[in-house]
Amino acid sequence: MADMQLRLYRAMSQPTLAHDKRIERTFFARDTRTVAQDLLGCVLVRLLPDGTRLSGRIVETEAYRPGDAAMHAYRRRTVRNAPMFMAPGTAYVYFTYGMHFCFNISTEAEGVPAAVLIRALEPLEGVKRMRLHRGRGDIPDEALCQGPANLCKAMAIDRRLSGYDMLQPGSVLFLEVGGQTGGYLVKTSPRIGVGGDEVAKTIPWRYYFAAHPCVSGPPALRR
DNA sequence: CGTTGGATTGGCT
DNA sequence: GCCAATCCAACGC
């Protein structure tokens, strides 16, 4: 059932892959909430050293901004969170819970700490390789890049890519325009798993395709 | 320098 | 629903 839904959506999505249109830096140099919404439907591409191309359509994001207590750079700039201050379009990858990586893209003007967390993708290219990275053969397509840490594992994204300028020539990690939303409605919710204070826990800066099979989180937050 | 807990996940009660 | 896994950044002394 979910498999068929995913297959149908993938068939609808295919034509946009042919555009092969790279997203420019100015796209990221805007209000982080706008960028987080506009990234839905865009395609994240990862080129592996052996030439393998992995890609997936973004279906879930979260915005992190200055003055936001849930934000890693809320207090000050550190070696770890420095990429969030760098040029828009810089990757910020952090290690958490002793075993997981999460992937963000720096937004707004250089010097402003802000980023969009990419939480889930609909796998498009390199599904077999993603399953290999996940380390199990029984993971269904829609779960391969479901959740920020699973996404990083499937797409081979780790701390070596933190601070990486995604718009540099010959980039191995970049974004392409998505074009359509595939008919999915965009919804918002509070961000998942954040601490900080009540404001941070309440503000609706999570964006996702409602009822898309690849979205993560508890069932109520996928609808 | 020691302690605490996290933008998570998956397995078990 | 609860909790362990497993590292390290952040913060307090």
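Lettering of chains follows the sequences in order, A, B, ..., and the numbering in each one begins at 1.
Regarding contacts with the backbone of C/dC7, every side-chain N or O of A/Arg159 stays at 4.0 angstrom or more from both OP1 and OP2. When the side-chain nitrogen and oxygen atoms of A/His72 are compared with OP1 and OP2 of B/dA7, one or more of them lie within a distance under 4.0 Å. Here A/Arg191 does not reach the OP1 or OP2 of B/dT8: none of its side-chain N or O atoms lies under 4.0 Å away. In this structure, A/Thr96 does not reach the C/dC7 phosphate: none of its side-chain N or O atoms is under 4.0 Å from OP1 or OP2. The phosphate of B/dT8 (OP1 or OP2) has a side-chain N or O of A/Arg119 nearer than 4.0 angstrom.
The C1' atoms of C/dC8 and B/dG10 are separated by 22 Å, rounded to the nearest whole Å. Nucleotides C/dC13 and B/dG5 are separated by 14 Å at their P atoms, to the nearest Å.
Summarising the geometry, the separation between NZ on A/Lys201 and P on B/dG6 is reported as 9 Å, rounded to the nearest angstrom. In this structure, A/Tyr64 atom OH and B/dG6 atom P are separated by 13 Å, rounded to whole Å. Whole-Å rounding puts the A/Asp197 CG to B/dA7 P distance at 13 Å. Rounded to a whole Å, the CD1 atom of A/Ile105 is 19 Å from the P atom of B/dA7. As rounded to whole Å, 15 Å separates atom P of C/dC3 from atom OH of A/Tyr97. Distance A/Arg134 CZ to B/dT8 C1': 12 Å, rounded to the nearest Å. Following rounding to the nearest Å, A/Leu151 (CG) and B/dT8 (P) show an atom-to-atom distance of 13 Å. A straight line from CD1 of A/Ile139 to P of B/dT9 spans 12 Å, rounded to a whole angstrom.
Under the side-chain hydrogen bond (donor to acceptor under 3.5 Å, both in side chains) rule, A/Arg191 has a single partner from A/Thr202, A/Thr61, A/Asp68, which is A/Asp68.
Using a 3.5 Å distance cut-off with no hydrogens or angles, the side chains of A/Thr32 and A/Thr107 do pair a donor with an acceptor.
Here the CZ atom belonging to A/Phe209 is positioned 10.0 Å from the CG atom belonging to A/Leu185, to the nearest 0.5 angstrom. Taken to the nearest 0.5 Å, the CG atom of A/Asp50 stands 3.5 Å off from the OG1 atom of A/Thr52.
Residue A/Arg80 is classed as a sugar-phosphate contact, given heavy-atom separations below 4.0 Å to backbone atoms only. Nucleic acid contact class of A/Ala149 (heavy atoms, under 4.0 Å, all strands): sugar-phosphate only. The residue A/Asn150 sits close only to the backbone: its heavy atoms come under 4.0 Å of sugar-phosphate atoms, none of a base. Nucleic acid contact for A/Arg206: none, since no nucleic acid atom lies under 4.0 Å from a heavy atom of the residue.
With centroids closer than 5.5 Å and planes inclined by less than 30 degrees as the test, A/Tyr94 and the base of B/dA7 fail to qualify as a stacked pair.
The side chain of A/Phe95 has C/dC7 as its nearest neighbour among C/dA10, C/dC7, C/dA5. When distances are taken from the side chain of A/Arg76 to each of B/dT8, B/dA7, C/dA10, the shortest belongs to C/dA10. Considering only the side chain of A/Met99, C/dT6 comes nearest among B/dG6, C/dT6, B/dA7.
For the pair A/Arg136 and A/Tyr92, both in contact range of DNA chain B, the more 5′-proximal nearest nucleotide belongs to A/Tyr92.
Looking at A/Gln146, its side chain does come within 3.5 Å of a backbone N or O of A/Val215 through a donor-acceptor pair.
In this structure C/dC2 sits in a base pair with B/dG11, meeting the Watson-Crick or G-U test at under 3.5 Å.
In A/Phe95, the CZ atom is crowded: over 12 heavy atoms of neighbouring residues, nucleotides or ligands sit closer than 6.0 Å.
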